Amino acid sequence: MYDIIIVGGGTAGLSAAIYGVRAGKKVLVLEQKNYGGQIVNSPEIENYPGIKHISGYEFATGLYEQATGLGAGFERGKVIGITDKGDTKLVSTEKKEYETRTVILATGAKNRPLGVEEETRFMGAGLSYCATCDGAFFRDREVAVVGGGNTALEDALFLSGYCKKVSVIHRREEFRGESRKLQALQEKENVEFILDTVVTKLQGDTMIEGVILKNVVTDEETEKKLNGLFVAIGQMPDNEAFKDLVTVDEKGYIQAEEDCLTRTAGIFTAGDCRTKTVRQLTTAAADGAVAALAACEYIG
């Protein structure tokens with residue numbers, strides 16, 4: 001019997017684990033893939049208080065080592081359902097079942113797809129959602145990044161160091177990302193900006209060879225040849241398995257306030273998977289602390 005089972009091993013989940021074990025509770029983190037969540041793919045973190053500069057991998061590894069070093073358990077497994085048994089909950093993965101007094105849902109978010117025909121076919125064949133993972137494969141080639149937030153700007157900056165040319169395709173004229181990152185990108189000689197534009201079609205046989213672009217202002221369509229396309233248009237939650245126990249909004253995020261409480265007693269939520277205005281490392285870590293302390297109070 002666990003006191004707290006945390007679904008998700010990202011910043012929120014690992015932060016919750018740290019606070020849970022420090023409060024003397026028996027804690028288990030269940031993670032479908034590997035620890036760290038999306039931040040693992042970020043080459044640089046410069047906005048976390050107290051840490052001037054660190055890579056996403058180093059940051060995530062530090063959290064993981066701190067949590068497990070304190071005594072939190074960590075197992076890989078996809079949680080497919082949770083049964084509310086009143087004072088206890090039964091957490092089911094594809095292979096095992098775990099009994100616990102409380103659950104913290106810290107499932108984060110996953111990459112939002114581009115939403116064009118044959119997107120699935122080109123995954124791994126010139127189409128990527130992780131520039132730091134796949135950028136080196138496109139050395140001295142021409143690529144494009146789709147998106148206008150910090151991730152897209154970071155991806156383009158990273159790729160500009162490898163690729164012959166990087167095109168940044170954004171559906172608006174203004175960027176949502178930090179001005180400092182945008183300025184750094186604008187100073188790159190091998191980077192061009194294609195604004196007010198969306199990708200409507202992927203071209204190629206076995207690999208991406210180009211895309212069809214549409215200007216959202218003029219409706220004009222153009223063809224652009226390229227060797228790789230990196231998609232960075234935001235995140236989407238994956239909370240379908242928990243809809244019987246929590247309330248989700250129209251986008252699939254768990255409805256919860258800053259107290260991280262859900263509508264089911266003993267089930268809490270933390271991080272990017274819940275409804276919130278700001279999604280940053282600091283807010284994920286804060287949610288983890290709040291949710292873990294709330295779970296501890298619930299257990300008594």
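Nothing here was measured: the structure is a model prediction, and the numbers come from that model.
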Going by heavy atoms in the side chains, are [X] and [Y] under 4.5 Å from each other?
| X | Y | answer |
| --- | --- | --- |
| L105 | I267 | yes |
| V168 | V191 | yes |
| I104 | I4 | yes |
| K110 | M236 | yes |
| Y98 | L28 | yes |
| V231 | N111 | no |
| R274 | D287 | yes |
| K164 | R141 | no |

Main chain of [Y], side chain of [X]: is a donor-acceptor contact present, judged purely on distance under 3.5 Å?
| X | Y | result |
| --- | --- | --- |
| E31 | K33 | yes |
| E119 | L114 | yes |
| K89 | G86 | yes |
| S15 | A289 | no |
| T275 | A256 | yes |
| D249 | Y253 | yes |
| T100 | Y2 | yes |
| T107 | G8 | no |
| T200 | I212 | yes |
| N190 | S160 | yes |

**Request:** Show the numbers, then the answer: is there a side chain to side chain donor-acceptor pair (under 3.5 Å) between E58 and S55?
**Result:** CA-CA 5 Å; E58 289 175 309; S55 72; 3.1 Å; yes

Using the benzene-type ring in the case of Trp, are the ring centres of [X] and [Y] under 6.0 Å apart?
| X | Y | value |
| --- | --- | --- |
| F193 | H170 | no |
| F137 | Y162 | no |
| Y48 | F59 | yes |

Should [X] and [Y] be regarded as members of a common hydrophobic cluster, given that ILVMFWY residues are connected when their side-chain heavy atoms come within less than 4.5 Å of each other, either directly or indirectly?
| X | Y | value |
| --- | --- | --- |
| I233 | I208 | yes |
| F74 | Y57 | yes |
| Y35 | L63 | yes |
| I299 | V290 | no |
| V166 | F138 | yes |

**Message:** Can you tell me if F122 has over 12 outside heavy atoms packed within less than 6.0 Å of its CZ?
**Reply:**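 Result for CZ/F122: enclosed.
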
**Asked** Above 12 or not: heavy atoms from other molecules or residues under 6.0 Å from CD of E297?
**Response**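 No.
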
**Pair Q280-N47, side chain to side chain donor-acceptor pair (under 3.5 Å): steps then yes or no** = CA-CA 9 Å; Q280 294 288 322; N47 62 353; 3.3 Å; yes

**Prompt:** Out of curiosity, D259 CG to L293 CG, how far, rounded to the nearest 0.5 Å?
**Reply:**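 The CG atom of D259 sits 12.5 Å away from the CG atom of L293.
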
**Asked** Regarding R112 and the six-membered ring of Y129, is the cationic atom NZ or CZ under 6.0 Å from the ring centre and inside 45° of its axis?
**Response**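 Verdict for Y129: no cation-pi partner in R112.
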
Using 4.0 Å as the upper bound for N to carboxylate O, is an ion pair formed by [Y] and [X]?
| X | Y | value |
| --- | --- | --- |
| K52 | E46 | no |
| K225 | E223 | yes |
| D3 | R101 | yes |
| E75 | K96 | yes |
| K165 | E192 | yes |

**Request:** Determine the sole option in D155, L229, L159, L226 for which the side-chain contact (heavy atoms from CB on, under 4.5 Å) test with V143 is passed.
**Result:**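 Answer after filtering D155, L229, L159, L226: L159.
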
**Message:** Run the side chain to side chain donor-acceptor pair (under 3.5 Å) test on R176 and N150 for me, step by step, so that the C-alpha distance in whole Å, both residues' side-chain angles and the decisive distance to 0.1 Å come before the verdict.
**Reply:** CA-CA 7 Å; R176 304 186 311 277; N150 279 332; over 6 Å; no

**Nearest non-hydrogen partners of G36 and A60, listed with the distance** =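 Of all heavy-atom pairs spanning G36 and A60, the closest is CA-CB, 3.5 Å.
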
**Request:** Evaluate side chain to side chain contact (heavy atoms under 4.5 Å, CB included) for S167 paired with K224, printing each intermediate quantity in order.
**Result:** CA-CA 10 Å; S167 301; K224 183 171 185 59; 3.0 Å; yes

**Asked** Which is it for Y64 and L14 under the side chain to side chain contact (heavy atoms under 4.5 Å, CB included) test, yes or no, and what are the steps along the way?
**Response** CA-CA 6 Å; Y64 170 78; L14 292 174; 4.2 Å; yes

